[in-house]
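See structure below.
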2 protein chains.
Amino acid sequence: MSKTLQNIKLAVDAIVFGYQQNELNVLLIKQKFDGDTDQWALPGGLVQNEESLTEAVNRELLEETGIQLQYLEQLYTFGDQLDRDHRGRVVTVAYFGIVNPKGMEPAAGSDADEAHWFPISEVPILAFDHTKILDVALTRLQAKLNYQPIGFDLLDEQFPFSDLESLYRTILGKEIDRRNFRKKILSFGILEETNEKRKIGSGRPATLFKFNKNKYKELEQEGFSFEIKFA
Amino acid sequence: MSKTLQNIKLAVDAIVFGYQQNELNVLLIKQKFDGDTDQWALPGGLVQNEESLTEAVNRELLEETGIQLQYLEQLYTFGDQLDRDHRGRVVTVAYFGIVNPKGMEPAAGSDADEAHWFPISEVPILAFDHTKILDVALTRLQAKLNYQPIGFDLLDEQFPFSDLESLYRTILGKEIDRRNFRKKILSFGILEETNEKRKIGSGRPATLFKFNKNKYKELEQEGFSFEIKFA
DNA sequence: ACAAAAGTGTTCGCTTTACACCCATGT
DNA sequence: ACATGGGTGTAAAGCGAACACTTTTGT
């Protein structure tokens, strides 16, 4: 076994989802290439020698978009397509995160010309294999919605029930029964009713709820599991 | 942004589970280090420049143990612990697979002194962070058992129902109700009853079943999902 | 005849589903 | 008064959980 020197670069990419105006959005940057046409891409870049993968992805995200997240989850490592990056062989570890984009306006950094939220339905063709990566992330997001209370991270701290409903409807792309949905979620006991109401134009004002994270963690420890099924 | 040359090595590791004599086993190799004490480790090694990750892990597995699998699934990429390998910074992509060890006796290759099946309960302390990796893989295996028909890959082509029962009991580490389990599995319609029976010593001979993979794929396409719950 | 393993149904409670009308506010 | 979105209950069906005796073989 003669060993030639390994010449593989290791990168990280971040898929950050946000939810705004009844639409699922994803954070993209405009890549500046020397002498190449600009293209939109997921934020990300090469891992540095002395940083962990988690550090790398958080750093890249901050540098390129100005956004910081509390939590990014490892999604998948893409390294089977040898020519996925024309600059040489690059294996990338993709992370995904979700955030309420309110007050999270991206500020372009040094690596990127621009950083923007794109509604999922309007995502342009992406650089490298990022379209595929986004697709994998989206599938994971949809799956997680059913067994983890991630919906709350995408909403404001206080939200009317209808926001949660339409979030599920939007991301899963199916209709859900309002009554059954509300009953189910409330039965978990992880939502707190506030005294505030939201009025928007006409219609009855909605009671605002907030997610009780401590209660959720407590229940989780007792073996409770968040789970929503839709036929 | 001054770029220093990236000096990170990329490796793959394989966690291969087998089921034998009512015990879950895992495939390990004895690592030969020059001037270092021998240690048991997961099969794996550095990715070569011109091969995909999947190719790499299959190649390493074949070289080190003589075993070939049809399917290895990506588990997780371990790269947050900078000193996980004392030979320098190594990020490893772990894959896991399951196999019926019958007729899969490991043959040690050039990289490894020996390769052996170890019952999970008797796994020694492993090299690097392989103990942790194995732990992650085990958790995943237990989870998958409940929503994918992987149990059948661990058994002989034809098996009595009791084998499947004890496989679940062993891997999940809990008791299961024989009647309910059988009812549930049979209700999926993915098992075929054969005309053969197995007798072992005393006791009523057991009808042998076989897994109908085509039927399963068909049903899956129609939206059917294999799912077993135990309280 | 006894020991050993395989095979088999029913009942109860809970969860899921389907479904339609009234309430509070703005215009 | 009407339009708009919020809020609510019940019945039927399906699923999961609990549970014990009979059958077939070897010794």
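Keep in mind that the numbers below use all heavy atoms, side chains included, and drop hydrogens, waters and symmetry copies. Here the structure is a predicted model, which means the values were calculated and not measured. So that the names make sense, note that chain A is the first sequence line, chain B the second, and so on, each numbered from 1.
- The phosphate of C/dA5 (OP1 or OP2) has no side-chain N or O of B/S162 nearer than 4.0 angstrom.
- Remark: side-chain polar atoms of A/Y168 are paired, donor with acceptor, to backbone N or O of A/L145 under 3.5 angstrom.
- Counted by atom type alone, A/N22 and A/T170 present zero donor-acceptor pairs between their side chains at under 3.5 Å.
- The phosphate of C/dA3 (OP1 or OP2) has no side-chain N or O of B/S202 nearer than 4.0 angstrom.
- A/R178 contributes a side-chain N or O that forms a donor-acceptor pair with the base of D/dG7 under 3.5 Å.
- In this structure, B/E193 places its CD atom 11 Å from C1' of C/dG7, rounding to the nearest Å.
- Rounded to whole Å, atom P of C/dA5 lies 12 Å from atom CZ of B/R169.
- C/dC21 atom P lies 10 Å from atom CZ of A/R179, rounded to whole Å.
- Counting only distance, with no hydrogens or angles, the side chain of B/R182 and the backbone of B/F161 share no donor-acceptor pair below 3.5 Å.
- Set against C/dG26, C/dT17, C/dA24, the side chain of A/K199 has C/dG26 as its closest nucleotide.
- Taking for each of A/A206 and A/D177 the nucleotide of DNA chain D with the nearest heavy atom, the 5'-most of the two is the partner of A/A206.
- For the pair B/F161 and A/P205, both in contact range of DNA chain C, the more 5′-proximal nearest nucleotide belongs to B/F161.
- B/T207 has a side-chain polar atom (N or O) that falls below the 4.0 Å cut-off from OP1 or OP2 of C/dG7.
- Straight-line distance from the NZ atom of A/K183 to the C1' atom of D/dG6: 16 Å, rounded to whole Å.
- Here D/dT8 presents its P atom at 15 Å from CD1 of A/I185, a figure rounded to the nearest Å.
- Using a 4.5 Å heavy-atom threshold, the side chains of B/E60 and B/Y95 count as separate.
- Whole-Å rounding puts the B/E227 CD to D/dG14 P distance at 18 Å.
- For A/K184, the listed nucleotide lying nearest its side chain is C/dT16; candidates were C/dT16, C/dG7, D/dA18.
- Separating the CZ atom of A/R182 from the P atom of C/dA18 is a distance of 20 Å, rounded to the nearest angstrom.
- Where A/G203 and A/N180 meet DNA chain D, the nucleotide closest to each residue was compared, and A/G203 sits on the side nearer the 5' end.
- Between the P atom of C/dG7 and the CG atom of B/L164 lies a distance of 13 Å, rounded to the nearest Å.
- At a threshold of 4.5 Å between non-hydrogen side-chain atoms, the residues B/I133 and B/H130 count as touching.
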